[in-house]
There are 2 protein chains.
Amino acid sequence: MSVTIIDVAKASGVSKSTASRVLSNTAYGVSEKAKRDVLEAARALGYIKNTLATGLRTSHTHTVLLIIPDITNSFWAEVARGAQDVFDQKGYSLFLANSDWQADREKRYLEVAIANKVDAVLLNAPDIGQIQLDSLPFPIVELGDKLVDVAHPVVGTDTRKAISEAMEYLWSMGHRRIGMILPSGPEIEGVTSIRYKAYEEFFRSKGQDVDKSLICKTPLTLESGRLQAHRIAALPDRPSALLTGNDLVAVGFLQACSQLHLKVPEDISLMGMDDIPAASMVSPRLTTVAKPQREIGKTAAHIAIDLIEGMTSPAKTLLEANIIERETVRRVL
Amino acid sequence: MSVTIIDVAKASGVSKSTASRVLSNTAYGVSEKAKRDVLEAARALGYIKNTLATGLRTSHTHTVLLIIPDITNSFWAEVARGAQDVFDQKGYSLFLANSDWQADREKRYLEVAIANKVDAVLLNAPDIGQIQLDSLPFPIVELGDKLVDVAHPVVGTDTRKAISEAMEYLWSMGHRRIGMILPSGPEIEGVTSIRYKAYEEFFRSKGQDVDKSLICKTPLTLESGRLQAHRIAALPDRPSALLTGNDLVAVGFLQACSQLHLKVPEDISLMGMDDIPAASMVSPRLTTVAKPQREIGKTAAHIAIDLIEGMTSPAKTLLEANIIERETVRRVL
DNA sequence: AAGGTTGTTGGGAACGTTCCCAAAAATATT
DNA sequence: AATATTTTTGGGAACGTTCCCAACAACCTT
């Protein structure tokens, strides 16, 4: 079939042991000549190591599984790309899995991970209990903004800071009545409440009370962005700026605005969150706060590699979002 | 360490041979009782098969490598998703690789594929020679619109038909002067020329000559879309409709239009290609011809599986694009 | 009841590595 | 020159499966 280490050994006139020593660069205690001969023979024969055999023997596969909700979502695609780039560079191969937010699929993929003896797993899996994750035979790095401390490292965005910087930006542009659209649905990881808290905290720091009528919870979809535009347009005393839970909502809002008698940013300023590709394509181009998506993937990958190599790692890494100024926020007097 | 088939065998009081027989459902010639006992023991012990060992023994890993240019590009993300879904459902795991259009990376990944003994490879790799691909120890399915016949199956879009349907659509909306923006750059796979041919052919079928001044070649980016808008706005006798090489160009065009004295679709109709997510988010929402991205991934996966299982497969599968009517094409008299 | 047939079973080798251990060769020490 | 030390080497077992082959049991035949 394919050329094995034994073929290489024979061709270079040494035993498979020595051949293995040089080919797995575990090799100190091998003569220069032997080294050269083996390497030469390997190259000549086009030897490629069978990683299955290596993995079986060493239980070290140089393989990692990435479990994300949906690769089709640009956020996760960026995360995946970031992770892939560093794994690739470090000689690891990446398995990909889309969970579609279904706990049973997440679980099944973890079995795949065990079966394939991966060295580590990166995942976003809000639905899987910690107990289950802790008993796995490989290190885990979680992708998300989890608040609670868990046994494995988590890397995500510093949402609290992101919100407060976005608010500060709007404030600095002269906005005082700032509305907010929060994600509804099951209170996973306390993500909604951390946003709300940051919002409240911001106003408190400015010596203002929060006006609860400026806040609404809704699923973060295009459609609900449109709906909110209609609602807000009809408001007697509408906010001067709006911070939406993600870019999709903001884009939906924008779409509805062109039909309505609402102009952005003249009548209302709009700020999104995530910086999806479309954010720079709609018009006016959407001002938003970009999560460091690719950076999240990269950091998670680095942490995973550290963990694989037996080093310790930070329990929680929260990366900073940054504001992308475009055309949907205007300065008011 | 983990529980092996021998543990299961012991626990159920049979030999590893019988245990293997039932656990690898190669099992006819094993008593009902033994079957039940083994299954029961396996479940009780939480046995998960070591696929490395299986792979080493059988050289069948139930593993596939997908090499695409960039997962961050929604087109490829969709293809990946489609492939993943069917592989997943058929019990295959998917390795992901981003080549960034670099031939050396493509080659390196092929080595990874060999080293990991994958069962098949799906790739888009215009730069890799056929000779290299043909000598690989696993079936290959190529993703792309290749014209020439090659030794392995190709699945892609029927570009010719897509163009001619798009033209027909514009024609049916009353347009007669239809401009086209073609991809420039190295004439890979003859993709540009097939588009041009379809364009020419269409006019010929309508008994018209093509007006070469309506055609331009340019890299398919946002920026060149903007540039083209400026150029076309200044044209003395501008086309009534424009078919762009992809949605990105169309969106760039659209962006520039809002500053210019050019209204879409009132002054000029616009039709994109690909149906990227942003196409439905810009305003006016972009009419476009959608390639069956996810379907391409699925089909390629099915073909790969057929190939793995020793069945024959169609040499070339060209899937149909379909027109998504939105708001950038208007009917003229 | 002896032989034949079918159905079930277990032992052992194999897949391609790595790694332990002991042997051999080279070098240093007295 | 003999011994001690270090360096380099090769044989064989092991990783967890599958699969070939032979052995055994059970059931039919006649």
Side-chain angles (χ1 to χ4, degrees), chain A residues 1-39 41-42 45-63 111-112 114-119 137-138, chain B residues 1-39 41-42 45-63 91 111 114-119 137-138:
Chain A
M1 197 101 245
S2 46
V3 22
T4 79
I5 205 172
I6 296 190
D7 299 325
V8 175
K10 268 182 196 149
S12 51
V14 299
S15 73
K16 61 181 164 41
S17 306
T18 1
S20 168
R21 268 185 278 260
V22 3
L23 259 15
S24 58
N25 47 9
T26 324
Y28 285 110
V30 49
S31 65
E32 278 307 315
K33 176 177 158 32
K35 202 176 203 166
R36 244 179 312 135
D37 290 354
V38 170
L39 252 21
L45 296 179
Y47 169 72
I48 296 180
K49 190 187 296 191
N50 182 334
T51 52
L52 295 181
T54 307
L56 182 57
R57 183 63 238 252
T58 63
S59 48
H60 221 91
T61 52
H62 278 252
T63 269
E111 287 202 0
V112 171
I114 298 175
N116 282 85
K117 298 276 180 263
V118 301
D119 286 350
F138 37 69
Chain B
M1 196 102 248
S2 46
V3 21
T4 79
I5 205 172
I6 297 190
D7 299 324
V8 173
K10 269 181 197 150
S12 50
V14 299
S15 72
K16 60 181 165 43
S17 306
T18 1
S20 168
R21 269 185 275 259
V22 4
L23 259 16
S24 59
N25 47 11
T26 326
Y28 287 109
V30 49
S31 65
E32 278 306 315
K33 175 175 160 31
K35 201 178 203 166
R36 246 179 310 134
D37 290 354
V38 169
L39 252 21
L45 296 178
Y47 169 74
I48 295 179
K49 189 187 298 193
N50 182 334
T51 51
L52 297 180
T54 306
L56 182 57
R57 182 64 236 255
T58 64
S59 50
H60 220 93
T61 52
H62 277 254
T63 268
E111 287 202 359
I114 297 176
N116 283 85
K117 298 277 182 261
V118 302
D119 287 350
F138 36 70

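Labels below follow one simple rule: chain letters A, B, ... track the order of the sequence lines, proteins then strands, and each chain is numbered from 1. Here the structure is a predicted model, which is why all the values come from computation and not from measurement.
One interatomic measurement links the two molecules: CZ of A:R36 to P of D:dT8, which rounds to 13 Å at whole-angstrom precision. Following rounding to the nearest Å, B:N116 (CG) and C:dT17 (P) show an atom-to-atom distance of 13 Å.
Qualifying side chain to side chain contact (heavy atoms under 4.5 Å, CB included) partners for A:S2, counting only residues two or more places apart in sequence or in other chains: B:K117. Under the side chain to side chain contact (heavy atoms under 4.5 Å, CB included) criterion, B:L45 pairs with B:V3, B:D7, B:V8, B:A11, sequence neighbours left out. Taking the side chain to side chain donor-acceptor pair (under 3.5 Å) definition, one finds that A:S12 meets it with nothing, sequence neighbours left out. With sequence neighbours left out, the side chain to side chain contact (heavy atoms under 4.5 Å, CB included) criterion links A:I114 to A:L136, A:P137, A:F138, B:I48. Take A:T18 and apply the side chain to side chain contact (heavy atoms under 4.5 Å, CB included) test, not counting sequence neighbours, and it matches A:V14, A:S15, A:R21, A:V30.
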Within the 4.0 Å limit for protein heavy atoms, which parts of nucleotides 9-16 of chain C are touched? Write it as a string from 5' to 3', B for base, S for sugar-phosphate only, - for none. BBBBBBBB
